[in-house]
Structures are given as C-alpha cells and as structure tokens.
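The structure appears right after this line, and notes come after that.
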Amino acid sequence: MKEFFLNLGNLKLNTPLMLSSGTWGWGENLSKFLSLAEIKYSIGALVTKGVSLEPKEGNPPPRIAETPCGLINSIGLENPGIKEFKAKYLPPIKLYEIPVIVNLFGEKIEDFVGLAEELKEEVSGIELNISCPNVEKGGILFSDNPKLVKDLVREVRKIWNSFLAVKLSPVGPVFEVAKSCERAESDALVVANTYPALTVLSFKPLKILKGGLSGPAIKPLTLRLVWELSQRVGLPIIGCGGIITGKDALEYLICGAKAVQIGTANLINPKSVAEIMEELEKLLKTYGLSY
Amino acid sequence: MFEAKVFINQREGGEYYLLGLRVSENLAKKFLPGQFLKIRVSSTLDPLFPRPFTIHAIEGSKLYLLYRVVGKGTQILSKILPEEELKILGPLGKPFPEIKEPYIICAGGAGIAGFGYLLQKTSHLPLKIFYGVRTKEELVRVNFYEKFHVSLTLVTEDGSYGTKGLVTEALEEELENKFKKYKPCLLACGPLPMLKSVLKVAKKYQLKTFLVLETFLACGTGFCRGCVIPLRKGGYTHLCIEGPTFLAEELDLERVFS
C-alpha cells in the first residue's frame, strides 16, 4: 500500500477517496460489505449523511428513479437529528478510526452554527450543504446567494476551528459562491452536489420525480467545474460526481481535485471504493504519476 | 459482489424465465427463503443498477431465479447465455417471518417465485397455495410446485386453465367454504392490485396477513434510503433492509397503494 498524506487544512487523509454523504446509510451496514482492511486501505474520510438540528423523516415515496447512466433522488434529508445522531450513530462510525466529516444542513445560519457547536471536539470536520432553502430570506437557496454563503461560512468559522468544507451546488452562481467560501476561510470546496433534474415515471396518471441527478451521466459536467474552479480559486477542491472507476477518480485528480468523493458507485456495488482505490493505484503506476 | 456462472437461462412460458447460477456452496448456504440478490445484468453504464430478484430455489451450489421480463434490465438478462459470468450481490433483505400458525400462500404472476425456496426449506408447509396468472402460458414451474404435495389451486383470468377468475376470488371462495373456523394466516406476493384484494379478503375474515412488497431499489443495502414504505404509526421503513415481507397491519396501506 502506498503511503498517502494530504493536508486539507486540519484534515489529514491517508487516501484520496472519501465516501460521499448519503451514500453509505448511517454506516450501520458498511462492515457487512467491506472488511476493516478494505475500509482502512481505501477510505480517506467518511462524510456522513446530512444532519439537521431536529429529526426529519424524509420525503414520501417514490424517492428514487434510474435514468440513463444516472440516478435521480429525492430522499428529503431523512435523518434522526443531531442529538440522536451523536448518541446512536456517530460512536460506531468513529470506531473505524478514519476521519469523520459530518454533513450539515439547516434553514438558517444559526442552525448551522448550532450544529457545529454540537460537534465540537467530536469529529474531524464538517461539510456544509448549501443546496437548501434559507427560510429567513424567503426560501432562496443558500447556494443562489454568494453573500449569504459568505455570511454562513464566516459565522460557522467563528466557532469551528477544525476542517470546514462547503459542498457547492453545480448550478447557480457557482464561481462567485466559491470565491465567497475562499474569503470566508473555508478549508476546501466539495465540487459538487447533484444536479436539479426531473424524470417522468408514468404518463397516465402523470407521475414525475424531481430530485438531484447523480452518477456517470453528470461526470463530464462536474469534471469541467472542477477544472475551471481549480484555476480560479485557491482552495483545495474535492471532486464529487459520477466516479465509478479508478480511471474516473484519476481524471478528477488530474483536472485539479486534491481528493474525490465516491457516491452513487456505493449504491451500485458496496465494495466500489476498494475497487476504485486498487484501480487508481495501478493507473498511477502505469502512468508514472503520484498524488 | 460475487461472480456467478450461468448454467441455464430458459424461457418457461409467457415472459417468464428460469435462470440458474452456480456460486460457491458457502454463498448458497447463506440465503434464507424470502431473501433476494441483485444481479449486474450488464457491464455498461445503462442500466446502471443491478436488478433485484428473489431466490426461487437452491440445490447445493446452484441458485435458481424465476423472473418475468418487465423492462430493460430483465430484457438484457433474458439474452444471457449459459457459461456467461454475472456479478451478484447477496443475500439481501430479511427472510420470510417465521409463521407458526397454519397459513395459505396467495401468489400472482412472478410473485410465485420466492415461495419455491420456502417450500424447499420449511418444515411447516402451507395449507394451500393459490397461484394466479392472466393466461395459461404464464403458469410456470407447476411441476416443481407440485412436488411438495401441497394443495395447489391454479387460476387464470381468462379461464384457459384451472379455475377462471382472479386468484383472490378463488382464495375468498375457499375461505368462505372451509376456513372460517381455522383463521389461517395469509402470505401474499404479487402485483399491487392483487395485494389490495388480498387485504380486502383478509379484512373480511380477520386474517393476519404478510405482504411481500416490491419497489424500485437502488442500493439494496440500506445505503441510499430510497425504498421507503409508509408505516401506520407514522414515518417509514426501508424495504431493502427491513423487508421485503411486512406484516400488513403495521403498514399505512392507503399510502402503500396510492
């Protein structure tokens, strides 16, 4: 196994691969499908499913639909709330002895600050989901307003010294939002969340599913974002979008990402991360590259 | 995921196929009746997700699946030839619950598939099996089911074979005539309209009923939280980790069938 150390602010990674938020449940079934050795060998950090202050039961069915080379999901941020998350779900995740990054979402800036307060000294980092509506600004998405994002990151930063990443939406004023994150002293950008999308489930009665598109269908789009952002923003970028193979991961790393997140691939094959890591190492050797 | 070698993939009748996969004996032993596996039907990116199938029968290291061609995934699967290798993931989901009371199986179409392995493994056979399809070509694997010496009522909607009508009408007639005093449990699997009718019958005779449900699955492992089933007490359960078999009274049936 190759030694890999990457410093992203206060976060040290032993591999460039992270498990993306919402694609490995609450970790309760992870060790059923991956051995401890595979987890340690391949996963640099675990990014948890999104957590809010209060529990959320999530959206009614249907929540998911397959589209060509992709998946539309509308899970609705189902989560047990920060208190139960800390008591029940976080302790077993920490037993893997891999950096844990908690994905946070809220309806207003104070929600994010409150969540960060709850996690102080508990985890290696936080990832702010800004693809959610701000109720104090008439429901506009945080990610649609660069100033709002700057205020959000600044306020959370005041009380959070460890690793802080912002997960960008791939739509809206992406470059301005990225600059705001830089100015507000975020440690890294996760590029990016799913793409707003829609699929028709049936014609009669008409049934549609609106949600976020992920999977290989979005890879060229997000890869371009990673490339452009890496040229314009000084923050380290964590690429996230449609990585299924080691080759996909290498493409992101070559196009400007310092690390990558594996998401939809975990849903296709729970062992994906181990297979991607193995393939990535072989490719790096083949091309004489290092990370 | 595990490698499995196809040794049979033959059309049984209608759009129904029997797929045989050879796996390690160790893996085969892990499957319990009612559980399912997922098959990557193609190494391309479309379709992207492996498709779920219940276990129909197991003989040593040979797994049998009985499936109906319903979409792109099963269409591709139906073209796979013996000696080809497929990637599979399983066992997934929970087995059928242990039913101590006398029980009747009611199956519609491909819903019959999973009960084969139950009959192979259980020491507590059902009182009767009602198996209904639209027309006689769709009655498949009847010889296999007859081997277990359980009363098997075959029902076709068009009357081309066996009893004419809906499988739930045959079930109701049986209950009306013979089972009023016994109050058996029902174990049902089939299309949603059929399950809805099963529940009407179950309500009339106040029978405890287990439903085997289907929905689109992405992960099958509990990772995505996509396959939710509404609960009567509020909130949701997840088909892939808590199902696919549920006690009907625990579900918010109106929302399940909406």
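This is a predicted model, so every value here is computed, not measured. Each chain gets a letter, A, B and so on, in the order its sequence line appears, and its residues count up from 1.
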query: So with a 6.0 Å cut-off around NZ of B:Lys121, is the heavy-atom count from everything else above 12?
result: no
task: Taking the side chain as every heavy atom from C-beta outward, state whether B:Cys224 and A:Asn73 have any atom pair closer than 4.5 Å.
output: no
Least distance between heavy atoms, B:Leu45 atom then A:Pro216 atom: CD1-CB, 3.7 Å
Contacting region of A:Lys49 [heavy-atom separation from chain B under 4.5 Å]: side chain
field: chain B contact via A:Ala65 - which portion, at a heavy-atom distance below 4.5 Å
entry: backbone
- request: For chain A, find which of B:Arg40, B:Lys38, B:Arg51 contributes the most heavy-atom pairs closer than 4.5 angstrom.
  value: B:Arg51
- line: Under 4.5 Å to a heavy atom of chain A? For B:Leu231 that would be neither
- prompt: Are the charged groups of A:Glu66 and B:Lys72 less than 4.0 angstrom apart, N to O?
  reply: no
field: Residue B:Lys87 excluded, over 12 heavy atoms near NZ under 6.0 Å
entry: no
message: Other residues, nucleotides and ligands only: do more than 12 of their heavy atoms fall within 6.0 Å of CD on A:Glu279?
response: yes
- prompt: Measuring heavy-atom distances to chain B, does A:Asn266 have an atom under 4.5 Å in its side chain, in its backbone, in both, or in neither?
  reply: both
task: Take atom CD of B:Glu85 as the centre, draw a 6.0 Å sphere, and report whether it contains more than 12 heavy atoms from other residues, nucleotides or ligands.
output: yes
message: Show the nearest heavy-atom pair for residues B:Phe223 and A:Asn29, with the distance to one decimal.
response: CE1-CB, 4.0 Å
query: Got more than 12 heavy atoms from elsewhere within 6.0 Å of CZ, B:Arg134?
result: no
- prompt: Non-hydrogen atoms of chain B under 4.5 Å away: do they reach the side chain of A:Pro60, the backbone, both or neither?
  reply: both
query: How far apart are the C-alpha atoms of A:Asn59 and B:Tyr236, what are their side-chain angles, what is the distance that settles it, and do they pass the side-chain contact (heavy atoms from CB on, under 4.5 Å) test?
result: CA-CA 9 Å; A:Asn59 288 338; B:Tyr236 301 105; over 6 Å; no
field: Region of A:Ile268 in contact with chain B, defined by heavy-atom distances below 4.5 Å
entry: both
task: Begin from the C-alpha positions of A:Glu78 and B:Val228 and carry the test side-chain contact (heavy atoms from CB on, under 4.5 Å) through to its verdict.
output: CA-CA 11 Å; A:Glu78 173 191 322; B:Val228 278; 4.2 Å; yes
- prompt: Would you call A:Glu57-B:Lys233 a salt bridge at under 4.0 Å N-O?
  reply: no
message: Please classify the contact of B:Ile241 with chain A as side chain, backbone, both or neither, using a heavy-atom distance under 4.5 Å.
response: side chain
field: Heavy-atom check, side chain of A:Trp26 versus side chain of B:Arg225, under 4.5 Å
entry: yes
task: Report yes or no: is the cationic atom of A:Arg63 (NZ for Lys, CZ for Arg) under 6.0 Å from the centre of the six-membered ring of B:Phe216, at an angle within 45° of the ring normal?
output: no
message: Return the CG to CD1 distance between B:Leu48 and A:Ile244, rounded to the nearest 0.5 Å.
response: 5.5 Å
Steps toward side-chain contact (heavy atoms from CB on, under 4.5 Å) verdict (B:Thr221, A:Trp24): CA-CA 9 Å; B:Thr221 57; A:Trp24 51 287; over 6 Å; no
- prompt: Looking at A:Ile75 and B:Gly226, what are the two nearest heavy atoms and their distance?
  reply: CD1-CA, 3.7 Å
statement: Between B:Ala218 and A:Leu71 the two heavy atoms that sit nearest each other are CB-CD1, 4.2 Å
- prompt: Hey, does B:Ile229 have a side-chain heavy atom less than 4.5 Å from the side chain of A:Pro61?
  reply: no
